[in-house]
Amino acid sequence: MSSGNELRMRLRRTNSTSRAEDIVTEDAKVRRSQPDKPIHSPRDSLISWTSEFQNYEGMVNWAFLLLAMGGFRLFLENINKYGLRVDLTAWISTLLYHLAHDQGEFPTLYLVLYTNVPILLILLIEKLIAKELVPWRLGTFIHMTNLLLMLIIPIVVINVKSKNIGVGGATFVTGVYAVLFLKMWSYIQVNHWCRCSITILGQKRARHQSIYRQSSMIREKNLFKATTPSSLTVPKETEKPEKDNEVTRQRLLSESQASKPTTWPNNLTVCDIYYFWFAPTLCYELNFPRTSRIRTTFLIRRAVEVIVGMNLVMALVQQYIIPSVVNSLMSFATMDVTKASERLLKLALPNHLLWLVCFYLLFHSLLNTNGEILQFADRDFYHDWWNASNLAKFWSLWNLPVHRWCVRHLYKPLLHAGNSRTTATLVVFGTSAFFHEYLISVPLRLFKVWGFLGMLAQAPLFSVSKLVENKLGPRMGNVFVWISLILGQPLAVMMYYHDYVVDHFGREEIQAFGDLDTFHNSTTV
């Protein structure tokens, strides 16, 4: 009998969750009914990990307030030490100086105008290849030579005409030619893809023709510009006179012709290639998405942001960056680690603020202004890179035009050619490292490898940032990303300024160029 009771006890079901909650509630009622008026209950401290408390909005406001107070203190310190150095008309005076003293030599303007030559040459070669007047191998050789010259010509002109072109003008020119190289590479490769798809024989050609006939049938029904489903229906002849039907048919035909997508080789026109040259994208397509109109208010807001942003960038450089960089020269040259670290941290805040302003100015204000003028509908220039939990996510989110170009024209073609993912990734980072170094060394007329090595170092840092994310969580991974952004850039700025002074003025002039007056009297924009 006792064994039966034990078995029954073992097989008894445990209390359900709701039953357990009822017991806890009943206990709480019993405790509250006690004459000692209890106020305690099992609770965690608010900021403990087990408390599940997540509303830290007040602490965020407190952090922003401290940051604002610290920034204002640095502003007052900078003004008291260096005075007001901002001169928003400096670019005008520099331009007037070059117009008056360059004796008709304007290499920056000539280099910008010369961009038309490689563009038109590429269009000509593509048209000749399409008409089978030039074999593909010869056309490829001409294209590669043309692309190589796009990168070499700015180097030669900037070094030969260094007295007539300053660092600012040289930076602008190298940026223009780097973008031109990437755009024309995409233009050539996309036209090659289209040419290969059309020259395929057999069933694939028949399938493409069938698809084209289907798209033609859709266009005849005006699918591309239909405003309502009812607009796709064909009007009955009995409802309208024959003359009205003819007018309607002609109108639909004209609209379908206007909305007809461009096919190869009809895209090989001057208007098409120049639209791509000015469009805010690096990846060529035969039919870009277009907006129906230009939003005037939106365009004015973005244009005002561009003007204000450019002046803010100039003010930050004049008031903060130049004094900090110049004063860090001696400590960096003598390898005084303590003082150089202090200068690095002092430069980090204004440099990072400058980087953020440049990001907003370029990827939001300027590209949206350009896109609105050209009615370019794809405005997806960046994603939420500020939330990136590792460096790999950051590089795939913050500069989408370049990221998409690398994936479309380098990474995927390398994979399709049989290369491994590791090889494709190294090639992509090698290309990115080359262009980072190109955009820094060519304007400064320095041939160092700091920018190149800095970009290549991102590859092993990917593993470190992912390890931090996996071990410490996404929040600490995001902190690691921000640390690399805040400290990496000012270190590169200090290194390049030191090398610029040593290479162009000699090591004996380092102490002189550690003074703001010497820097101001010896540099040209």
Side-chain angles (χ1 to χ4, degrees), residues 90-122 145-187 273-274 276-282 306 309-310 313-314 317 321 354-355 358-359 361-363 366-367 369-370 399 401-402 405 431-448 450-452 455 492-493 496-497 499-500 503-504 523-525:
W91 67 273
I92 299 178
S93 59
T94 302
L95 178 61
L96 294 177
Y97 174 84
H98 284 296
L99 290 175
H101 295 81
D102 284 355
Q103 300 178 354
E105 294 189 13
F106 309 105
T108 302
L109 177 62
Y110 297 154
L111 284 172
V112 172
L113 294 177
Y114 180 78
T115 56
N116 295 283
V117 175
I119 292 175
L120 295 176
L121 178 59
I122 288 174
T145 304
N146 192 13
L147 290 172
L148 185 62
L149 288 175
M150 289 182 198
L151 300 179
I152 294 177
I153 288 176
I155 299 176
V156 175
V157 175
I158 289 172
N159 281 273
V160 172
K161 297 293 183 179
S162 59
K163 294 182 179 180
N164 303 106
I165 182 170
V167 175
T171 303
F172 174 75
V173 166
T174 51
V176 168
Y177 273 82
V179 171
L180 178 64
F181 177 91
L182 298 177
K183 280 176 173 279
M184 293 301 104
W185 181 288
S186 177
Y187 185 84
I273 194 171
Y274 271 95
F276 173 55
W277 169 225
F278 292 110
T281 180
L282 298 176
V306 170
M310 292 178 65
V313 167
M314 186 177 297
V317 171
I321 303 300
L354 176 66
W355 182 79
C358 288
F359 164 79
L361 175 64
L362 175 60
F363 289 99
L366 187 60
L367 292 184
T369 301
N370 188 17
N399 188 346
V402 172
W405 186 94
T431 304
S432 179
F434 167 78
F435 277 103
H436 275 78
E437 189 64 53
Y438 180 83
L439 293 173
I440 298 173
S441 293
V442 174
L444 296 177
R445 290 182 289 121
L446 292 172
F447 297 98
K448 304 294 182 180
W450 308 128
F452 184 84
M455 278 303 301
V493 172
Y496 274 103
Y497 179 63
D499 291 344
Y500 180 82
D503 281 24
H504 294 292
T523 56
T524 58
V525 179

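Just so you know, residue 1 is the first one in the sequence shown, and it goes up from there. Just so you know, these numbers come straight off a predicted model, no measurement behind them.
Distance check, rounded to the nearest 0.5 Å: CD1 of Ile122 to CG of Leu147 gives 5.5 Å. Here Met184 contributes atom CE and Leu282 contributes atom CG; the two are 10.5 Å apart, rounded to the nearest 0.5 Å. If you take CD1 on Ile165 and OG on Ser162, they are separated by 9.5 Å, rounding to the nearest 0.5 Å. From Asn116, atom CG reaches atom CG of Leu121 across 12.5 Å, with rounding to the nearest 0.5 Å. Atom CZ of Phe434 is separated from atom CD of Glu437 by 9.5 Å, given to the nearest 0.5 angstrom.
Taking all atoms of both residues into account, the shortest heavy-atom contact from Val313 to Cys358 is CG2-SG, 3.9 Å. In terms of heavy-atom proximity, Thr281 sits nearest to Phe276 at O-CE1, 4.0 Å. Smallest separation of non-hydrogen atoms from Ala170 and Pro443: CB-CA, 3.7 Å. The two atoms that bring Pro107 and Val157 nearest to each other are CB-CG1, 4.0 Å, heavy atoms only. Heavy-atom minimum distance, Tyr114 versus Ile153: CE2-CD1, 3.4 Å.
Using a 4.5 Å heavy-atom threshold, the side chains of Leu180 and Ile119 count as touching.
Remark: Trp185 pairs with Gln189 by the side chain to side chain donor-acceptor pair (under 3.5 Å) rule, at least two apart or across chains. With sequence neighbours left out, the side-chain contact (heavy atoms from CB on, under 4.5 Å) criterion links Ile155 to Asn159, Tyr438, Val442, Phe447. By the side-chain contact (heavy atoms from CB on, under 4.5 Å) test, Phe278 is found to be paired with Tyr274, Leu374, residues two or more places apart in sequence or in another chain being considered. With sequence neighbours left out, Thr431 forms a side-chain contact (heavy atoms from CB on, under 4.5 Å) with Leu410, Val427, Phe435. Shown here are the side chain to side chain donor-acceptor pair (under 3.5 Å) partners of Asn370, two or more places apart in sequence or in another chain: there are none. Every ring pair (Phe, Tyr, Trp, His ring centres under 6.0 Å) that Phe363 has, sequence neighbours left out, goes to Phe359, Trp398. Residues meeting the salt bridge (charged side-chain N to carboxylate O under 4.0 Å, His left out) test with Lys161, sequence neighbours left out: Glu105. Residues satisfying the side chain to side chain donor-acceptor pair (under 3.5 Å) test with Ser186, not counting sequence neighbours, are His409. Judged as a side-chain contact (heavy atoms from CB on, under 4.5 Å), and not counting sequence neighbours, the contacts of Ala433 are Phe452, Met455, Leu456. The side chain to side chain donor-acceptor pair (under 3.5 Å) search around Thr171 returns none, not counting sequence neighbours.
A side-chain hydrogen bond (donor to acceptor under 3.5 Å, both in side chains) check over residues 172-183, counting only residues at least two apart or in different chains, returns nothing. Sequence neighbours left out, not one pair with a member in residues 150-160 passes salt bridge (charged side-chain N to carboxylate O under 4.0 Å, His left out).
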